[in-house]
**Q** 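If you scroll down you'll find the structure; I have some questions about it.
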Amino acid sequence: MSRSKTRNLVLTTALAAALAWVSPVLAAESDPDATVNIGSLYEPQNLDNTAGAGQGINEAFNGNVYEALFRLTDAGTVEPSLAKDTKVSEDGLTYTFTLQSGVTFHSGAPLTSKDVKFSIERVTAEASKSSRKNSLKTITGVETPDDATVVVKLASRSISLPYNLSYVWIANDEATDFQSKEDGTGPYALQEWRRGSSLAIARFDKYWGEKPKNAEVVFQYFTEATALNNALLTGAVDIITSVQSPDSLAQFKDNPEFTVSEGKSTTKLLLAYNDRVAPFDNVKVRKALARGIDDAKLLKAVWGDYGTLIGSFVPPTDAWYADLTKVDAYDPESAKALLKEAGYPDGFTFTIDTPNYDPHPIAAQFIQSELAKIGVKVEINVITANEWYTKVYKAHDFQATLQEHVNHRDIVFYGNPDFYWGYNNPKVVDLIKQAEASATEAEQTEKLKEANTIIAEDAASNWFYLYPQIVVSKATVSGYPLNGLNSQFFAYGITKAE
Amino acid sequence: MSVVITAVILFVLLRLLPGDPANALVSVGADAAQIEAARKQVGSDLPLYEQFLRFAGSLARFDLGQSFVSGAPVLDEIGKRLIVTVPLTLMAFVVAIAIAVPLGILSVIRQNRWYGALISVISQLGIAIPVFWIGILLVTVFAVNLRLFPSGGFPSRGWLVPGKALQSLVLPVATIAMVMSASLIRYVRSATQDVLGSDYLRTARALGATFTEALIRHGIRNGAVPVISVLGIELASTLLGAVVVERVFALPGLGSMLLLGIEQRDYPNVQGVLFVSTLLVLLVGFAADLIQRLIDPRLRGRISGGGA
């Protein structure tokens with residue numbers, strides 16, 4: 001590090017005075033052996049993305065430590081990763097993948113088709129707790145004709161297979177401990193994990209692809225946003241992966257030492273009704289509540305000038321997005337009229353189960369005061385995330401709940417009548433099923449767009465806004481991903497000039 | 001006996017919390033079968049008495065089990081946390097005594113001077129101000145503005161880099177020490193007042209000792225006895241009370257492990273932390289007793305008297 005510092009100094013002295021425009025070039029003169037410190041609020045609970053590790057494990061490990069057959073890029077496209085070549089049979093039921101050659105695991109073992117079979121079956125296994133298990137259930141078998149070829153057989157067409165496989169980490173089939181160790185093929189290998197504090201990954205020298213532009217990445221974990229911001233202010237971390245409150249941005253925004261960038265997120269805030277129970281089984285009631293709440297005002301209150309309003313569950317980054325914010329737009333008068341038509345001229349009372357962490361409690365209070373104006377009384381029941389799973393998710397014992405949904409492409413939940421919100425429209429169930437069985441992406445897009453529109457017209461839930469994805473870094477650091485789709489944070493392109 | 005009672009209370013209280021430890025293992029998208037599998041894995045599908053028998057059985061073997069969420073052995077994890085929490089607490093404790101004893105005595109023997117009064121005022125303030133606020137204040141001044149110390153965190157290589165580890169503990173130690181010394185000053189103060197009014201001090205003075213001599217030879221020894229029992233309680237409560245400071249400074253200590261464990265209903269972790277800290281508290285109480293007996297021969301007499 002000291003060597004490159006000297007080099008920078010020499011360059012600076014020689015050029016700075018005469019060639020002011022060279023400065024971007026100088027900034028690019030980065031230290032290839034730098035340690036990049038990333039500050040995050042999402043410490044993984046264990047190191048296995050199939051066992052409730054939380055979004056933090058995707059942030060630290062996806063694409064960095066583990067790779068999959070495909071990779072979801074920061075722009076949202078799906079590209080080949082460990083699968084060099086893919087052939088799909090005419091009927092769409094057989095996928096033949098040819099693996100990249102010269103790939104080794106961090107333990108030194110070479111990648112073979114058996115590892116891929118093992119890794120896919122780990123997710124689809126009976127005991128797997130992966131939330132992705134359902135999307136892979138169409139897989140009927142994985143065959144390994146030779147070391148470099150994997151054949152995946154399906155029961156029905158699955159246009160999202162490459163996308164879904166981008167979550168299936170390819171691990172060495174000899175590995176046994178996935179919760180505290182790793183054996184992936186990524187550009188970094190796990191170095192040290194100090195629970196409650198930090199996770200360090202170091203450049204893997206035998207990596208098959210392009211070498212990372214830094215030598216080591218340390219994720220520093222915080223439980224308090226203020227402590228995280230202070231760490232960036234004092235130089236203890238170089239980047240904050242996602243800023244959780246607009247208040248803290250002021251100290252970075254007008255300071256030339258820092259860069260503030262806004263990307264696209266997939267995190268949606270919504271009020272989910274229990275569509276099975278009265279009065280929420282009545283579409284008029286749901287539409288009335290949608291019209292009774294001023295989404296723009298809520299977004300402004302929570303996020304200031306950041307964030308994006310949404311009229312359904314689909315973010316603008318998806319191909320099947322349509323601007324549906326006009327459907328049931330804010331209109332308290334027509335909300336009252338609709339309530340009357342639905343048989344509730346004097347309104348009614350219901351309870352919102354509200355997670356106890358930001359922004360849910362504030363949002364609940366806002367909704368309470370908005371709905372009071374159309375005669376609907378809201379009671380707020382604050383619960384922990386853990387209770388939410390027992391009460392709302394499993395037992396469906398709720399009237400309405402506020403919740404943030406982080407995942408990408410999760411519109412499919414509306415095609416599952418058993419899902420916690422109990423939305424059941426056979427047409428939508430059918431469309432979502434057909435979309436998955438599409439032969440082309442155009443067909444898939446068309447089907448999902450139609451489903452998306454119906455869901456919005458049905459006011460299946462009440463969607464408010466998309467969280468902003470704000471990354472703040474030191475000005476000397478660049479090359480990091482902005483969008484954080486599915487919480488990924490590819491670290492290999494990050495450069496740090498000192 | 002107190003250990004057994006602790007174990008039972010722990011078990012019952014934890015089970016009274018709504019929620020399920022299995023929830024920490026699933027995420028949105030999991031189906032009913034997967035949730036059942038998770039419950040089976042952590043044993044929350046078993047009847048309560050069976051859960052208790054398992055818990056008591058492993059406790060008897062001093063096996064604290066494995067975390068439901070991370071799969072890591074609880075005892076290992078506690079060990080890693082203790083090497084942060086114990087130095088933090090002990091250093092804060094020493095610093096607090098170093099501040100509180102001289103200031104407490106001074107505030108009595110110089111109570112008519114301006115600084116005697118000032119000490120009382122500051123100690124009142126210190127008791128009233130919440131600990132997290134002092135923490136944030138210290139961070140703003142000494143970390144963010146002056147850049148003298150890190151604002152938080154603990155080096156990932158821990159005590160292998162002792163300089164950095166110590167540096168990261170300076171502000172947390174200062175925070176705890178300030179709060180702790182504020183209340184200690186008051187105890188030292190009242191103990192000193194008792195001593196000053198005592199007959200033996202007057203006798204010592206009458207026998208020709210100067211005021212300072214008398215105070216050091218007889219006063220401190222006598223005054224220390226009640227102060228030490230308070231110190232024991234303070235130390236014990238700080239071991240777990242460090243949780244707020246650990247949160248403000250993002251330190252991977254015992255308190256933050258407990259807090260996260262409760263949020264996730266990670267019973268083995270919570271039980272383990274509480275169990276170990278109960279042991280620590282008992283140990284500290286025992287140590288305080290021993291020290292008191294060393295200082296005050298009359299207490300030793302009480303023990304042998306009780307045995308006879």
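Order of the sequence lines sets the chain letters (A, B, ...), proteins ahead of strands, with each chain counted from 1. Remember, predicted model here, so these are calculated numbers, not experimental data.
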**Q** Does B/Phe52, at its CZ atom, have more than 12 non-hydrogen atoms belonging to other residues, nucleotides or ligands within less than 6.0 Å?
**A** yes

**Q** So do B/Ile78 and B/Leu254 actually touch side chain to side chain, heavy atoms under 4.5 Å?
**A** yes

**Q** Side chain, backbone, both or neither: which part of A/Ala236 has an atom under 4.5 Å from a heavy atom of chain B?
**A** neither

**Q** Taking the side chain as C-beta and beyond, is there a heavy-atom pair between B/Leu169 and B/Leu251 under 4.5 Å?
**A** yes

**Q** Of the listed residues (B/Ala30, B/Ala37, B/Ala22, B/Ala250), which shares the most heavy-atom pairs with chain A below a 4.5 Å separation?
**A** B/Ala30

**Q** Report which part of B/Leu260 has an atom under 4.5 Å of a heavy atom belonging to chain A: side chain, backbone, both, or neither.
**A** side chain

**Q** Taking the side chain as C-beta and beyond, is there a heavy-atom pair between A/Ile201 and A/Phe219 under 4.5 Å?
**A** yes

**Q** Can you tell if the side chain of A/Leu402 reaches within under 4.5 Å of the side chain of A/Leu270, non-hydrogen atoms only?
**A** no

**Q** Does the side chain of A/Ile240 come within less than 4.5 Å of A/Leu228's, by heavy atoms?
**A** yes

**Q** Examine whether an atom of B/Val248 lies under 4.5 Å from a heavy atom of chain A, and if so say whether it belongs to the side chain, the backbone or both; otherwise answer neither.
**A** backbone

**Q** Any non-hydrogen side-chain atom of A/Val472 less than 4.5 Å from a side-chain atom of A/Leu232?
**A** yes

**Q** Do A/Leu233 and A/Phe258 have side chains that approach each other closer than 4.5 Å (heavy atoms only, starting at C-beta)?
**A** yes

**Q** Compile the donor-acceptor pairs, distance criterion under 3.5 Å only, formed between chain B and chain A.
**A**
unit_1, atom_1, unit_2, atom_2, d
B/Asp20, N, A/Asn386, OD1, 2.8
B/Asp20, O, A/Asn386, ND2, 3.2
B/Asn23, OD1, A/Lys394, NZ, 3.0
B/Asn23, ND2, A/Asn386, O, 2.7
B/Asn23, ND2, A/Asn386, OD1, 3.1
B/Asn23, ND2, A/Thr390, OG1, 2.7
B/Leu25, O, A/Gly52, N, 3.3
B/Ser27, OG, A/Ser131, OG, 3.4
B/Val28, N, A/Tyr389, OH, 3.2
B/Gly29, N, A/Tyr393, OH, 2.7
B/Ala30, N, A/Tyr393, OH, 3.1
B/Ala30, O, A/Tyr393, OH, 2.8
B/Gln34, NE2, A/Ser128, O, 3.1
B/Gln34, NE2, A/Ser130, O, 2.7
B/Gln41, OE1, A/Lys129, NZ, 2.5
B/Val69, O, A/Asn46, ND2, 2.7
B/Glu77, OE1, A/Arg195, NH1, 3.0
B/Arg147, NH2, A/Leu233, O, 2.7
B/Phe154, O, A/Ser197, OG, 3.4
B/Ser156, O, A/Arg194, NE, 3.1
B/Gln264, O, A/Asn386, ND2, 3.2
B/Gln264, NE2, A/Gln45, OE1, 3.2

**Q** In terms of heavy-atom proximity below 4.5 Å to chain A, should B/Pro150 be classed as side chain, backbone, both, or neither?
**A** neither

